[in-house]
Amino acid sequence: MLLLGAATLLLTQVVAVQAQPALPDAVQNRVDSVMPQVVEWRRDFHQHPELGNREFRTSGIIAEHLEALGMEVKTGIAHTGVVGILRGGQPGPVVALRADMDALPVEEQVDLPFASQVRTQYNGQDVGVMHACGHDNHMAILMGAASVLAGMKDELTGTVMFIFQPAEEGAPAGEEGGAELMLAEGIFADLRPDAVFGLHVWPIPAGVIAVREGGTMASSDSFTIRVQGQQTHGAAPWAGIDPIVVASQIVMGLQTIPSRQLNATTTPSIVTVGAINGGLRSNIIPDSVEMIGTLRTFDAETRTQIHERVTRTAEQIAASAGATAEVDISLGYPVTANDPGLTRAMQPTLQRVVGDRLIESPLITGAEDFSYYANEVPGMFFFLGIAADDPDMVYPNHSPYFYADERALPVGVQAMTALALDFLSSQ
Ligand SMILES: [Zn+2]
Ligand SMILES: [Zn+2]
């Protein structure tokens, strides 16, 4: 034991002088040998995308792979979710790695030999289906990491939980799904991880990793405001209560919440009215107006405050005109917050993988249901660059032109593998 300690110390000193390799050679060799398969899986998923809660083919391929690796595999969680448990040969903590599986109702416009031709019905419409958010990459990367880690099962000091989750983009109307449902169905109750890691491909240079402590992706809640006035002739507004003017005041009033009411030095927030509906013709002031919109924040406290203030602002502006406003806020995904201690602890790991290509992520105003896992146990969610060198090929996630440069794939496999190994051995 003592001897081993001394040898390890010596080795650490030697390594510290030289550049540290991302992964020990034996592990890197395993990564290298699984990469052709990772590329193949990714292209296959890309060509056969499935919408949320409909990832039947996709989850079948994943489950088969995890079973072939000798894991305990559970399927059919939250409709199509798959969880694989890899118990290492040595005792230790539990680390969870998560990938999402769903595609989007987007018609692919990228000229690829494995471009999606898939069409389906969505909300009663015939639509194209595409992995326009890049979840095909997430799955292939995690399947690759699963191969690497399963190959070193005996040496693992703890347990790795592989989470393949459906419906990150939201379940179809009238259905539940995603991370929230996987947790409700008990995946963390059965085996509670000590940490959870996830990644998202992002249009920053291929192979760059971006991460930040604390609030990283926004909470996303939607609201409906129904302004009730009193219908009258367009030429005699005094004979009724004009809900269109009241709604206009509310739109402007809502913008003073982020700019005048919430502390602009601590955390940004967004209030967006996305639709206003009311009225039929030019000379009738209608009875009511309905507005819908979205709220984005980066911490739980601001989220609560913004809900209270949207309600108060709408109700009291309406009251000032003798109208009423009914405000409904429906909760979407919580803030995706990276545990500061965990994020700091894993920084050297990511640095070993990408060196100076590790950057601090900006705040992302989009939302992610990884937040549900990270609200349960310490979590870290990071971004993996997939942008091509050619700027004409760089498009945002959800674009029909979204393109992922496959040079990012080995970086993703290395990162997920290294995070799991380092977390397990650090506890
Ligand atoms: Zn997306
Ligand atoms: Zn996504």
Side-chain angles (χ1 to χ4, degrees), residues 1 4-5 7-9 11-12 15-16 20-34 65-66 69-74 82-99 138 141-165 187-199 209 211 213 338-354 358 370 373-374 376-382 384 410-427:
M1 206 57 197
L4 186 69
T8 310
L9 187 69
L11 193 68
T12 314
V15 170
Q20 283 213 27
L23 290 163
D25 283 348
V27 186
Q28 185 57 48
N29 290 342
R30 289 181 188 280
V31 173
D32 293 343
S33 67
V34 80
H65 175 60
L66 300 183
L69 293 174
M71 292 188 199
E72 302 167 31
V73 180
K74 284 185 200 154
V82 180
V83 171
I85 309 288
L86 176 65
R87 291 186 202 276
Q90 319 289 327
V94 180
V95 64
L97 306 175
R98 176 271 207 168
H138 305 169
I141 286 169
L142 196 52
M143 287 167 78
S147 289
V148 174
L149 292 165
M152 333 167 31
K153 185 180 155 99
D154 294 344
E155 304 146 55
L156 287 184
T157 51
T159 300
V160 189
M161 174 191 262
F162 295 88
I163 303 172
F164 289 89
Q165 178 212 302
I187 60 165
F188 281 9
D190 297 345
L191 180 67
R192 192 169 181 81
D194 297 286
V196 58
F197 298 109
L199 66 78
I209 286 180
V211 68
E213 287 176 28
N338 283 340
D339 183 84
L342 180 68
T343 308
R344 270 194 293 265
M346 303 323 292
Q347 177 138 349
T349 302
L350 294 177
Q351 212 139 27
R352 269 196 353 261
V353 173
V354 290
L358 177 65
F370 182 84
Y373 306 116
E376 291 287 320
V377 300
M380 188 184 86
F381 193 71
F382 60 100
L384 173 63
V411 182
V413 177
Q414 284 177 327
M416 285 305 224
T417 305
L419 286 168
L421 290 175
D422 284 6
F423 181 82
L424 291 183
S425 60
S426 71
Q427 297 295 298

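All heavy atoms count here, side chains included; hydrogens, waters and symmetry mates do not.
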All ring-ring contact (aromatic ring centres under 6.0 Å, His included) counterparts of F188, not counting sequence neighbours
Y373
What distance do F381 atom CZ and D339 atom CG have between them, rounded to the nearest 0.5 Å?
15.5 Å
What pair of heavy atoms forms the shortest contact from A146 to L66, and how long is it?
CB-CD2, 3.9 Å
Indicate the atoms forming the closest heavy-atom contact of A150 with L69, along with that distance.
CB-CB, 3.9 Å
Test item: I85 and M161 side chains (from C-beta on) under 4.5 Å apart, heavy atoms
yes
E213 versus N338: any side-chain heavy-atom pair under 4.5 Å?
no
Heavy-atom closest pair, residues L342 and G379:
CD2-C, 3.7 Å
Closest approach of V377 and P193, non-hydrogen atoms and distance?
CG1-O, 3.3 Å
Is the shortest heavy-atom distance from the side chain of F370 to the side chain of Q165 under 4.5 Å?
no
Is a side-chain N or O of D194 found less than 3.5 angstrom from the main chain of V94, in a donor-acceptor match?
yes
Between L191 and E72, does a side-chain contact (heavy atoms from CB on, under 4.5 Å) hold up when you go through it step by step?
CA-CA 12 Å; L191 180 67; E72 302 167 31; over 6 Å; no
Is there side-chain contact between H138 and R98, with at least one heavy-atom pair below 4.5 Å?
no
L142 CG to M416 CE distance, which is reported to the nearest 0.5 Å:
5.5 Å
Name all pairs fulfilling the side-chain hydrogen bond (donor to acceptor under 3.5 Å, both in side chains) condition that reach into residues 143-158, sequence neighbours left out, sorted by first residue then second.
H65-S147
Is there side-chain contact between L149 and L421, with at least one heavy-atom pair below 4.5 Å?
yes
Is the shortest side-chain heavy-atom distance between D32 and Q28 below 4.5 Å?
yes
At their closest point, which heavy atom of F382 faces which heavy atom of L419, and how far apart are they?
CE2-CD1, 3.5 Å
side-chain hydrogen bond (donor to acceptor under 3.5 Å, both in side chains) contacts touching residues 415-427 (sequence neighbours left out):
T349-D422, R352-D422
As an exercise, state the distance from CG of L86 to OG1 of T159, rounded to the nearest 0.5 Å.
7.5 Å
Which pair of non-hydrogen atoms, one from G412 and one from L384, has the smallest distance, and what is that distance?
CA-CD2, 3.7 Å
Is the shortest side-chain heavy-atom distance between L424 and V160 below 4.5 Å?
yes
